[in-house]
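Reckoned from all heavy atoms, side chains included, excluding hydrogens, waters and symmetry mates. Here is how names work: the chains are called A, B, and so on, in the same order as the sequence lines, proteins then strands, and each is numbered from 1.
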Amino acid sequence: MAHWLLKSEPSTWSWNDQVKADAKGTAWDGVRNHLAKKHLMAMKRGERAFFYHSGEDKRIVGVVEVIGEYRPDPGDRTASFGMVDVKAVGPLPVPVTLALCKAEKSLANMVLLRNSRLSVQPVTDAEWAVVCRLGAMKPA
DNA sequence: GCCAACGTTGGC
DNA sequence: GCCAACGTTGGC
């Protein structure tokens, strides 16, 4: 199973909002970048993603699970972008800051560090395990 | 608030 | 098809 990272500006959509959406989850919509779209299309039901707060927070705060695979985003007037559905799984017991990721040599190639602007990113199994360890969470 | 990185747009 | 201009993102 592949792993992912989804970025969100907390003033727009925060981890708290995601938790409130509960098991029903929400559409991860609004993506308007072709590389991000490619990743969204590759996401399979049951796969998990880190939830990252950009802006003020700059840390990985939780884990979400894909509950609905890629489908058209009705908010996209060009009808060329889509979205997936995700639900909150749980918070990282210890949020993993961007600064900590930068300090961790084994995460040097993480997309979060290499291409911070990409809003939907793949995470390797090794990176997933490291971030889980830093976040005091059992990998799953 | 600034600026670097990146994607998109539009003129040629 | 190239590239300059521009807008947006996001870290600092």
- Message: The criterion is ring-ring contact (aromatic ring centres under 6.0 Å, His included); which residues satisfy it with Tyr70(A), sequence neighbours excluded?
- Response: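 Tyr70(A) satisfies ring-ring contact (aromatic ring centres under 6.0 Å, His included) with no other residue.
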Side-chain polar contacts of residues 14-25 of chain A - donor-acceptor pairs under 3.5 angstrom, sequence neighbours left out - could you list them?
from     : atom 1 : to       : atom 2 : distance (Å)
Ser14(A) : OG     : Asn16(A) : N      : 3.3
Ser14(A) : OG     : Asp17(A) : N      : 3.1
Ser14(A) : OG     : Asp17(A) : OD2    : 3.2
Asp17(A) : OD2    : Ser14(A) : N      : 2.9
Gln18(A) : OE1    : Trp13(A) : NE1    : 2.9
Gln18(A) : NE2    : Thr26(A) : OG1    : 3.2
Gln18(A) : NE2    : Val86(A) : O      : 3.3

In B/S/- notation (B base, S sugar-phosphate only, - none; protein heavy atoms under 4.0 Å), nucleotides 1-8 of chain B written 5' to 3' is ----BBSS
Figure out the [atom1]/[atom2] separation between [X] and [N], and round it to whole Å.
X: His53(A); N: dT9(C); atom1: NE2; atom2: P; answer: 17 Å
X: Lys7(A); N: dG10(C); atom1: NZ; atom2: P; answer: 4 Å
X: Glu56(A); N: dG11(C); atom1: CD; atom2: C1'; answer: 11 Å

Looking at dG11(C), I'd like to know if its phosphate oxygens (OP1 or OP2) sit under 4.0 Å from a side-chain N or O belonging to Tyr52(A).
yes
Just checking Leu118(A): base, sugar-phosphate only, or nothing, at a heavy-atom cut-off of under 4.0 Å? nothing
*Write out all pairs satisfying salt bridge (charged side-chain N to carboxylate O under 4.0 Å, His left out) with one or both partners inside residues 80-91 of chain A, taking only residues at least two apart or from two chains.*
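Of all non-adjacent pairs touching residues 80-91 of chain A, those that pass salt bridge (charged side-chain N to carboxylate O under 4.0 Å, His left out) are Arg71(A)-Asp85(A).
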Residues sharing Tyr52(A)'s hydrophobic cluster, by side-chain heavy-atom contacts under 4.5 Å among ILVMFWY, directly or via others?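 Leu5(A), Phe50(A), Ile60(A), Val63(A), Val89(A), Leu92(A), Val96(A), Leu98(A), Leu100(A), Leu107(A), Met110(A), Leu112(A), Leu113(A), Val123(A), Trp128(A), Val130(A), Val131(A), Leu134(A), Met137(A), all in the cluster of Tyr52(A).
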Rounded to the nearest 0.5 Å, how far apart are CD of Glu56(A) and CD of Glu9(A)?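 Rounded to the nearest 0.5 Å, the CD-CD separation comes to 8.0 Å.
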In short, side chain to side chain donor-acceptor pair (under 3.5 Å) pairs touching residues 112-123 of chain A with sequence neighbours left out are Asn109(A)-Arg114(A)
